Amino acid sequence: MTDERQPPGQPNGQADRPDERLDERLDVLFRQLGVERAPPGLTRRLHRIPREEGYRSGWHRLFRPAAVPRWVLAPALAAALLAVGVVLTLPRGPSEAEVLQARRDLALAFRYVDRAGVITGREIKAALGGELRDPVKDNLSKHIPFTEQSLKEETS
Amino acid sequence: MSRKFRKWVDAYQDQAWTLARYLLKDPAEAEDACQEAFVKLWRNQDQIDPERIRPWLMKVTRNGCLDRLRRRHPTEEWEEWQQPDDGAVWIQPGPLQDLQQHELGAWLKHSINGLSEPYRSLVVLRDVQQHSYEEVANVLELSLAQVKVYLHRARKQLREQLAEVRP
(Lines give C-alpha, C1' and ligand atoms only; values in the text may rest on other atoms or scores of the structure.)
Protein backbone atom coordinates (compact mmCIF):
# COMPACT_ATOMS: atom_id res chain seq x y z
CA MET A 1 0.00 0.00 0.00
CA THR A 2 1.46 3.33 -1.02
CA ASP A 3 1.56 6.14 1.42
CA GLU A 4 -0.02 9.05 -0.39
CA ARG A 5 -0.02 11.22 2.67
CA GLN A 6 0.89 14.72 1.66
CA PRO A 7 -0.73 17.29 3.88
CA PRO A 8 -1.27 20.58 2.11
CA GLY A 9 2.14 22.20 2.36
CA GLN A 10 2.85 25.56 3.73
CA PRO A 11 4.59 28.19 1.66
CA ASN A 12 7.66 28.03 3.81
CA GLY A 13 9.53 24.73 3.47
CA GLN A 14 11.17 25.32 6.84
CA ALA A 15 7.79 25.26 8.60
CA ASP A 16 6.99 21.88 7.07
CA ARG A 17 9.93 20.06 8.66
CA PRO A 18 8.70 19.72 12.24
CA ASP A 19 5.32 18.60 10.91
CA GLU A 20 6.99 16.03 8.68
CA ARG A 21 9.02 14.75 11.61
CA LEU A 22 5.90 14.45 13.75
CA ASP A 23 4.07 12.83 10.86
CA GLU A 24 6.78 10.21 10.55
CA ARG A 25 6.57 9.51 14.27
CA LEU A 26 2.81 9.24 14.04
CA ASP A 27 3.19 6.78 11.16
CA VAL A 28 5.53 4.65 13.25
CA LEU A 29 3.02 4.68 16.08
CA PHE A 30 0.14 3.84 13.74
CA ARG A 31 2.11 0.88 12.41
CA GLN A 32 2.73 -0.26 15.95
CA LEU A 33 -0.95 -0.03 16.77
CA GLY A 34 -1.88 -2.04 13.69
CA VAL A 35 -5.03 -4.09 13.44
CA GLU A 36 -6.16 -5.77 16.65
CA ARG A 37 -6.86 -9.46 16.59
CA ALA A 38 -10.51 -10.34 17.13
CA PRO A 39 -11.08 -12.30 20.36
CA PRO A 40 -11.51 -16.07 19.86
CA GLY A 41 -15.04 -15.86 21.24
CA LEU A 42 -16.02 -13.50 18.42
CA THR A 43 -14.39 -15.73 15.80
CA ARG A 44 -16.44 -18.67 17.07
CA ARG A 45 -19.63 -16.60 16.96
CA LEU A 46 -18.91 -15.50 13.40
CA HIS A 47 -18.14 -19.04 12.24
CA ARG A 48 -21.49 -20.19 13.64
CA ILE A 49 -23.46 -17.69 11.50
CA PRO A 50 -23.93 -19.89 8.38
CA ARG A 51 -25.24 -22.76 10.50
CA GLU A 52 -27.61 -20.61 12.53
CA GLU A 53 -28.77 -18.49 9.61
CA GLY A 54 -28.84 -21.46 7.23
CA TYR A 55 -31.37 -23.33 9.34
CA ARG A 56 -33.57 -20.28 9.52
CA SER A 57 -33.35 -19.37 5.84
CA GLY A 58 -33.55 -22.93 4.54
CA TRP A 59 -35.22 -23.68 1.27
CA HIS A 60 -37.20 -20.43 1.08
CA ARG A 61 -33.93 -18.65 0.27
CA LEU A 62 -34.71 -19.90 -3.25
CA PHE A 63 -37.58 -17.43 -3.43
CA ARG A 64 -35.36 -14.45 -2.81
CA PRO A 65 -34.90 -12.63 -6.11
CA ALA A 66 -31.14 -12.86 -5.97
CA ALA A 67 -31.14 -16.59 -5.23
CA VAL A 68 -32.06 -17.42 -8.81
CA PRO A 69 -30.30 -15.79 -11.76
CA ARG A 70 -32.54 -13.27 -13.46
CA TRP A 71 -32.19 -14.87 -16.88
CA VAL A 72 -33.93 -17.95 -15.50
CA LEU A 73 -36.98 -15.95 -14.47
CA ALA A 74 -38.03 -14.89 -18.02
CA PRO A 75 -38.18 -18.42 -19.52
CA ALA A 76 -39.87 -19.68 -16.35
CA LEU A 77 -42.54 -16.99 -16.63
CA ALA A 78 -43.01 -17.69 -20.35
CA ALA A 79 -43.39 -21.42 -19.65
CA ALA A 80 -46.01 -20.75 -16.97
CA LEU A 81 -48.01 -18.47 -19.32
CA LEU A 82 -47.78 -21.04 -22.10
CA ALA A 83 -49.11 -23.75 -19.79
CA VAL A 84 -52.08 -21.59 -18.80
CA GLY A 85 -52.77 -20.79 -22.47
CA VAL A 86 -52.71 -24.44 -23.47
CA VAL A 87 -55.13 -25.38 -20.72
CA LEU A 88 -57.52 -22.60 -21.73
CA THR A 89 -57.47 -23.44 -25.46
CA LEU A 90 -57.80 -27.22 -25.15
CA PRO A 91 -60.71 -28.49 -27.39
CA ARG A 92 -63.73 -29.58 -25.37
CA GLY A 93 -67.20 -30.86 -26.37
CA PRO A 94 -70.16 -28.45 -26.41
CA SER A 95 -72.78 -28.72 -23.66
CA GLU A 96 -76.41 -29.73 -24.42
CA ALA A 97 -77.64 -26.20 -23.93
CA GLU A 98 -75.06 -24.96 -26.43
CA VAL A 99 -76.18 -27.55 -29.01
CA LEU A 100 -79.84 -26.56 -28.55
CA GLN A 101 -79.01 -22.89 -28.90
CA ALA A 102 -76.98 -23.57 -32.04
CA ARG A 103 -79.90 -25.46 -33.57
CA ARG A 104 -82.25 -22.57 -32.87
CA ASP A 105 -79.83 -20.08 -34.40
CA LEU A 106 -79.46 -22.25 -37.48
CA ALA A 107 -83.24 -22.66 -37.88
CA LEU A 108 -83.67 -18.90 -37.68
CA ALA A 109 -80.97 -18.39 -40.25
CA PHE A 110 -82.72 -20.83 -42.62
CA ARG A 111 -86.01 -18.97 -42.17
CA TYR A 112 -84.34 -15.84 -43.42
CA VAL A 113 -82.90 -17.75 -46.36
CA ASP A 114 -86.34 -19.25 -47.12
CA ARG A 115 -87.94 -15.82 -46.99
CA ALA A 116 -85.30 -14.52 -49.34
CA GLY A 117 -85.94 -17.54 -51.62
CA VAL A 118 -89.70 -16.83 -51.78
CA ILE A 119 -89.10 -13.20 -52.69
CA THR A 120 -86.48 -14.15 -55.25
CA GLY A 121 -88.89 -16.77 -56.74
CA ARG A 122 -91.57 -14.14 -57.17
CA GLU A 123 -89.16 -11.84 -58.91
CA ILE A 124 -87.91 -14.63 -61.20
CA LYS A 125 -91.49 -15.62 -62.05
CA ALA A 126 -92.33 -12.06 -62.83
CA ALA A 127 -89.31 -11.64 -65.01
CA LEU A 128 -88.74 -15.04 -66.63
CA GLY A 129 -91.85 -17.20 -66.11
CA GLY A 130 -92.92 -20.10 -63.76
CA GLU A 131 -90.62 -22.87 -65.16
CA LEU A 132 -87.47 -21.41 -63.82
CA ARG A 133 -88.90 -20.47 -60.41
CA ASP A 134 -89.13 -23.78 -58.48
CA PRO A 135 -85.47 -24.93 -58.54
CA VAL A 136 -84.44 -21.56 -57.09
CA LYS A 137 -87.15 -20.98 -54.46
CA ASP A 138 -87.49 -24.49 -52.95
CA ASN A 139 -87.11 -24.36 -49.18
CA LEU A 140 -83.62 -25.24 -48.11
CA SER A 141 -84.92 -26.29 -44.72
CA LYS A 142 -86.91 -29.22 -46.06
CA HIS A 143 -83.60 -30.97 -46.87
CA ILE A 144 -82.45 -30.63 -43.25
CA PRO A 145 -85.00 -32.39 -41.02
CA PHE A 146 -84.04 -30.96 -37.63
CA THR A 147 -84.60 -27.38 -38.81
CA GLU A 148 -88.17 -28.21 -39.77
CA GLN A 149 -88.72 -29.57 -36.29
CA SER A 150 -87.18 -26.48 -34.69
CA LEU A 151 -89.46 -24.23 -36.74
CA LYS A 152 -92.51 -26.14 -35.63
CA GLU A 153 -91.44 -25.90 -31.99
CA GLU A 154 -90.96 -22.15 -32.28
CA THR A 155 -94.27 -21.47 -34.06
CA SER A 156 -96.29 -23.70 -31.69
CA MET B 1 -21.22 -20.80 0.22
CA SER B 2 -20.37 -21.44 3.82
CA ARG B 3 -16.69 -21.96 2.95
CA LYS B 4 -16.58 -18.64 1.13
CA PHE B 5 -18.18 -16.92 4.11
CA ARG B 6 -15.64 -18.50 6.46
CA LYS B 7 -12.89 -17.12 4.25
CA TRP B 8 -14.37 -13.63 4.56
CA VAL B 9 -14.64 -14.00 8.34
CA ASP B 10 -11.00 -14.99 8.58
CA ALA B 11 -9.91 -12.18 6.26
CA TYR B 12 -11.92 -9.27 7.67
CA GLN B 13 -12.94 -10.01 11.25
CA ASP B 14 -9.88 -8.29 12.72
CA GLN B 15 -10.49 -5.10 10.73
CA ALA B 16 -14.18 -5.00 11.61
CA TRP B 17 -13.33 -5.70 15.23
CA THR B 18 -10.67 -2.97 15.37
CA LEU B 19 -13.04 -0.40 13.88
CA ALA B 20 -15.88 -1.38 16.23
CA ARG B 21 -13.51 -1.34 19.19
CA TYR B 22 -12.34 2.20 18.43
CA LEU B 23 -15.85 3.45 17.85
CA LEU B 24 -17.66 1.76 20.73
CA LYS B 25 -14.86 1.20 23.23
CA ASP B 26 -16.95 -1.40 25.06
CA PRO B 27 -15.62 -4.82 23.92
CA ALA B 28 -18.90 -6.70 24.44
CA GLU B 29 -20.79 -4.16 22.37
CA ALA B 30 -18.07 -4.17 19.71
CA GLU B 31 -18.43 -7.96 19.44
CA ASP B 32 -22.21 -7.62 19.01
CA ALA B 33 -21.75 -4.95 16.34
CA CYS B 34 -19.28 -7.16 14.44
CA GLN B 35 -21.60 -10.12 14.61
CA GLU B 36 -24.51 -8.04 13.31
CA ALA B 37 -22.40 -6.84 10.39
CA PHE B 38 -21.36 -10.39 9.46
CA VAL B 39 -24.95 -11.64 9.74
CA LYS B 40 -25.92 -8.92 7.25
CA LEU B 41 -23.06 -10.02 5.03
CA TRP B 42 -24.34 -13.60 5.14
CA ARG B 43 -27.87 -12.52 4.28
CA ASN B 44 -26.84 -10.19 1.45
CA GLN B 45 -23.87 -12.04 0.05
CA ASP B 46 -25.60 -12.70 -3.30
CA GLN B 47 -26.10 -9.00 -3.86
CA ILE B 48 -22.60 -7.80 -3.03
CA ASP B 49 -19.84 -7.55 -5.59
CA PRO B 50 -17.21 -10.03 -4.31
CA GLU B 51 -14.52 -7.44 -5.06
CA ARG B 52 -16.16 -4.97 -2.70
CA ILE B 53 -16.80 -7.16 0.32
CA ARG B 54 -14.35 -5.36 2.58
CA PRO B 55 -15.62 -1.77 2.05
CA TRP B 56 -19.21 -3.05 2.31
CA LEU B 57 -18.45 -4.80 5.57
CA MET B 58 -16.59 -1.80 6.98
CA LYS B 59 -19.47 0.50 6.08
CA VAL B 60 -22.06 -1.79 7.67
CA THR B 61 -19.90 -2.24 10.78
CA ARG B 62 -19.44 1.50 11.14
CA ASN B 63 -23.12 2.26 10.58
CA GLY B 64 -24.06 -0.37 13.16
CA CYS B 65 -21.65 1.20 15.65
CA LEU B 66 -23.01 4.69 14.97
CA ASP B 67 -26.57 3.43 15.50
CA ARG B 68 -25.50 2.03 18.84
CA LEU B 69 -23.84 5.31 19.75
CA ARG B 70 -26.97 7.20 18.73
CA ARG B 71 -28.97 5.06 21.11
CA ARG B 72 -26.34 5.72 23.73
CA HIS B 73 -26.46 9.49 23.09
CA PRO B 74 -30.16 10.23 22.85
CA THR B 75 -29.86 14.03 23.09
CA GLU B 76 -27.93 16.71 21.29
CA GLU B 77 -24.77 15.23 22.72
CA TRP B 78 -24.82 12.89 19.71
CA GLU B 79 -25.09 15.78 17.23
CA GLU B 80 -22.18 17.50 18.83
CA TRP B 81 -20.23 14.29 18.93
CA GLN B 82 -20.57 13.41 15.27
CA GLN B 83 -20.31 16.82 13.59
CA PRO B 84 -17.00 17.55 11.89
CA ASP B 85 -15.98 20.90 13.23
CA ASP B 86 -13.17 23.32 12.50
CA GLY B 87 -12.49 23.58 16.17
CA ALA B 88 -11.09 20.99 18.52
CA VAL B 89 -11.76 17.55 17.17
CA TRP B 90 -10.64 15.57 20.14
CA ILE B 91 -11.00 15.44 23.86
CA GLN B 92 -7.73 16.18 25.57
CA PRO B 93 -6.25 12.93 26.81
CA GLY B 94 -4.63 14.76 29.70
CA PRO B 95 -1.07 15.68 30.55
CA LEU B 96 1.34 13.08 29.30
CA GLN B 97 5.05 13.62 29.57
CA ASP B 98 8.12 11.51 28.99
CA LEU B 99 6.29 8.55 27.69
CA GLN B 100 8.08 5.42 26.66
CA GLN B 101 7.47 4.08 23.16
CA HIS B 102 4.93 1.46 24.27
CA GLU B 103 3.17 4.04 26.37
CA LEU B 104 3.04 6.28 23.32
CA GLY B 105 1.05 3.56 21.57
CA ALA B 106 -1.49 3.57 24.38
CA TRP B 107 -1.52 7.35 24.34
CA LEU B 108 -2.21 7.41 20.59
CA LYS B 109 -5.04 4.92 20.98
CA HIS B 110 -6.51 7.12 23.67
CA SER B 111 -6.13 10.18 21.45
CA ILE B 112 -7.83 8.45 18.50
CA ASN B 113 -10.65 7.42 20.81
CA GLY B 114 -11.07 11.06 21.73
CA LEU B 115 -11.56 12.17 18.11
CA SER B 116 -15.07 12.93 16.94
CA GLU B 117 -16.71 11.38 13.89
CA PRO B 118 -15.87 11.07 11.06
CA TYR B 119 -12.26 11.85 12.09
CA ARG B 120 -11.99 8.77 14.27
CA SER B 121 -13.20 6.38 11.55
CA LEU B 122 -10.97 8.15 9.04
CA VAL B 123 -7.84 7.71 11.14
CA VAL B 124 -8.68 4.10 12.00
CA LEU B 125 -9.45 3.12 8.41
CA ARG B 126 -6.70 5.06 6.68
CA ASP B 127 -3.84 5.30 9.17
CA VAL B 128 -4.32 2.26 11.39
CA GLN B 129 -5.78 -0.19 8.86
CA GLN B 130 -4.08 1.33 5.78
CA HIS B 131 -7.12 1.28 3.49
CA SER B 132 -6.82 3.31 0.28
CA TYR B 133 -8.31 6.80 0.12
CA GLU B 134 -10.92 5.54 -2.35
CA GLU B 135 -12.00 2.75 -0.03
CA VAL B 136 -12.20 5.12 2.93
CA ALA B 137 -14.30 7.54 0.86
CA ASN B 138 -16.59 4.67 -0.10
CA VAL B 139 -16.99 3.44 3.48
CA LEU B 140 -17.65 6.89 4.92
CA GLU B 141 -19.70 8.07 1.94
CA LEU B 142 -17.51 11.12 1.53
CA SER B 143 -15.82 12.59 -1.51
CA LEU B 144 -12.13 11.96 -2.02
CA ALA B 145 -11.45 15.65 -1.37
CA GLN B 146 -13.41 15.55 1.90
CA VAL B 147 -11.47 12.49 3.01
CA LYS B 148 -8.17 14.27 2.40
CA VAL B 149 -9.25 17.48 4.12
CA TYR B 150 -10.74 15.73 7.17
CA LEU B 151 -7.77 13.42 7.47
CA HIS B 152 -5.43 16.36 7.29
CA ARG B 153 -7.34 18.06 10.12
CA ALA B 154 -7.35 14.95 12.26
CA ARG B 155 -3.64 14.36 11.77
CA LYS B 156 -2.89 17.99 12.46
CA GLN B 157 -4.58 17.67 15.84
CA LEU B 158 -2.77 14.43 16.58
CA ARG B 159 0.56 16.02 15.53
CA GLU B 160 0.00 19.00 17.78
CA GLN B 161 -0.84 16.72 20.66
CA LEU B 162 2.20 14.57 19.98
CA ALA B 163 4.35 17.70 19.92
CA GLU B 164 3.11 18.53 23.41
CA VAL B 165 3.92 15.06 24.66
CA ARG B 166 7.17 14.58 22.73
CA PRO B 167 8.42 17.94 21.58
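Atoms considered below: every heavy atom in the structure, side chains included; atoms not considered: hydrogens, waters and symmetry mates. The chains referred to below are lettered A, B, ... by the order of the sequence lines, with proteins before strands, and numbering in each begins at 1. Because the structure is a prediction, the values reported are computed rather than measured.
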Checklist outcome for this item: Residues A:Pro39 and B:Glu31: closest non-hydrogen pair is CG-OE2, 3.4 Å
Checklist entry - Tell me, side chain or backbone of B:Tyr12 under 4.5 Å from chain A's heavy atoms, or both, or neither? => result neither
Next on the checklist: The test is side-chain contact (heavy atoms from CB on, under 4.5 Å); show your working for A:Ile49 and B:Gln35 and say whether it passes.
Outcome noted: CA-CA 8 Å; A:Ile49 289 172; B:Gln35 189 180 14; 4.3 Å; yes
Checklist entry - At a heavy-atom separation under 4.5 Å, does B:Leu41 approach chain A through its side chain, its backbone, both, or neither? => result neither
Checklist entry - Between B:Leu140 and B:Leu144, is there a shared hydrophobic cluster once you connect ILVMFWY residues whose side-chain heavy atoms come closer than 4.5 Å? => result yes
Next on the checklist: I want to check something: taking the side chain as every heavy atom from C-beta on, are B:Asp10 and A:His47 in contact at a cut-off of under 4.5 Å?
Outcome noted: yes
Checklist outcome for this item: Assert top hit (heavy-atom pairs under 4.5 Å, partner chain A, pool B:Val123, B:Asp32, B:Val149) equals B:Asp32
Next on the checklist: Measuring from atom CZ of B:Arg21 to atom CG of A:Leu42, what distance do you get when rounded to the nearest 0.5 angstrom?
Outcome noted: 11.5 Å
Next on the checklist: Does any part of the side chain of B:Ile112, heavy atoms only, come nearer than 4.5 Å to the side chain of A:Phe30, both counted from C-beta?
Outcome noted: yes
Next on the checklist: Is B:Val128 in contact with chain A via its backbone, its side chain, both, or neither, using a 4.5 Å heavy-atom distance?
Outcome noted: both
Checklist outcome for this item: CZ of B:Arg43 to CD of A:Glu53, rounded to nearest 0.5 Å, is 4.0 Å
Item to check | Pairwise side-chain contact, A:Leu29 with B:Lys109, heavy-atom cut-off 4.5 Å (strictly under) | outcome: no
Item to check | Linked, directly or transitively: A:Val35 and B:Leu57 (ILVMFWY side chains, under 4.5 Å) | outcome: no
Item to check | Side chains of B:Asp14 and A:Glu36 in contact at under 4.5 Å (non-hydrogen atoms) | outcome: no
Item to check | Where B:Gln13 and A:Ala38 come nearest, the two heavy atoms and their spacing | outcome: OE1-CB, 3.8 Å
